[in-house]
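When a residue number appears, it is its place in the shown sequence, counting from 1.
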Amino acid sequence: MGPRPHSVEWYRRLARSQQGYPSTSQDVEVGAYGGEVFYLDFVKAHMRPDEDVMDVGCGHGEDALRLAQLCRNFLGYDPAPSFIELARENARAAGLENVTFLVHDSSAKANQGRVRIPVGDESLDLIISRRGPVHWIADAKRVVRSGGVLIQLCMSGRLPVPEWNVELPEPFDRENHHLPDMMLDTVKGALADAGIELHSFWTFDVPALLDGPGRLYKALAFGRPPADIPSYSEVEEALKAIFFRHRKHGKLDIRQRRLLWKAVIDK
């Protein structure tokens, strides 16, 4: 079996196996009012030309390409070297001169027991993170200036078990992934421990639509090492049966849930 999903090693392996990290679930159609699109608009509303911005868990720098021209300096970091290498290539190709990308793991485990964001004291105005970790919150108050803002979009935990879950062939049975969603409690706890007050939050629960059994396979296989899963041909008939039995208006809904939160640094 491979590393735990969404662990540092999982992201590093993902970075080695593909070009970039998708901004939404693999091969899924999500409507305009999903959390992913709302996140970008929300971040843009908080950016100014005189701001210094950091993107935690920046992946291959997709958001930097969209946002860097709206601020003074844009710094992104990620523990996956392959993602950072691609981010740097993308920034150079786009001619962005105010962007810096670092390979860094800010977790306590990687920094002698203490969370460490890779910048000096009070050097940032805005920290953003799209589907990144939450451990960085512990060091945010040190690095963000008074009045600065923290914004994060989290994969809001566990989806409801779909009615077709029991029909999935092994090892795609999703039952073990559908546990109570504790993401909001996790964020609130991390902020409280850091002495930061939660300003506001929004939850999103919207359709995430697949237009064929092949896309269902890609969604189920995303992030898993090839050695741990059957080939598409081995499960094709089972996935076709699920798709055509449970589709509505020609598509299969697997849902997308996100948590978007904001905090303001008060010193």
4.5 Å side-chain heavy-atom contact, [X] and [Y]:
X    : Y    : answer
V187 : C154 : yes
K109 : H135 : no
L184 : W261 : no
V37  : Y33  : no
F83  : C58  : no
L67  : I128 : yes
M183 : M155 : no
L102 : M54  : no

Would [X] and [Y] pass as an ion pair if we require N to O under 4.0 Å?
X    : Y    : answer
K251 : D253 : no
D185 : K188 : no
E62  : R130 : no

Got a donor-acceptor contact below 3.5 angstrom from the [X] side chain to the [Y] backbone?
X    : Y    : answer
D105 : P79  : no
E234 : S231 : yes
Q152 : G132 : yes
H60  : N90  : no
K267 : V144 : yes
S129 : V56  : yes
N98  : R72  : yes

Testing the basics here: between [X] and [Y], what is the closest heavy-atom pair and its distance to 0.1 Å?
X    : Y    : answer
E51  : M47  : OE1-CA, 3.2 Å
P171 : P230 : CD-CD, 3.4 Å
L210 : A219 : CD2-CB, 4.4 Å
Y232 : G214 : OH-N, 3.6 Å
N111 : S106 : ND2-C, 3.4 Å
A263 : L191 : CB-CD2, 4.1 Å

Test Q69 against L96 for side chain to side chain contact (heavy atoms under 4.5 Å, CB included), laying out the working first. CA-CA 8 Å; Q69 293 181 349; L96 296 175; 4.0 Å; yes
Distance in Å, [X] [atom1] paired with [Y] [atom2], rounded so as to fall on 0.5 Å steps:
X    : Y    : atom1 : atom2 : answer
F243 : E236 : CZ    : CD    : 13.0 Å
L86  : F101 : CG    : CZ    : 9.5 Å
R257 : D205 : CZ    : CG    : 4.5 Å
E237 : I242 : CD    : CD1   : 11.5 Å
F74  : D52  : CZ    : CG    : 11.5 Å
I151 : F42  : CD1   : CZ    : 5.0 Å

Are V115 and L150 in one and the same hydrophobic cluster, where Ile, Leu, Val, Met, Phe, Trp and Tyr link if side-chain heavy atoms are under 4.5 Å apart? no
Classify the ring geometry of F38 against W202: parallel below 30°, tilted from 30° to 60°, perpendicular beyond 60°. tilted
Going through the checks in order, is the side chain to side chain contact (heavy atoms under 4.5 Å, CB included) test met by E197 and D266? CA-CA 8 Å; E197 184 176 348; D266 182 17; over 6 Å; no
Under the criterion side chain to side chain contact (heavy atoms under 4.5 Å, CB included), I'd like the reasoning laid out for D63 against V43: C-alpha separation, chi angles, the key distance, then a yes or no. CA-CA 10 Å; D63 287 343; V43 169; over 6 Å; no
side-chain contact (heavy atoms from CB on, under 4.5 Å) test vs I127 passes for just one of I117, D55, I265, namely I117
Just wondering, are more than 12 heavy atoms of other shown residues or ligands nearer than 6.0 Å to NZ in K248? no
Return yes if a side-chain donor-acceptor contact under 3.5 Å exists between H46 and K262, otherwise no. yes
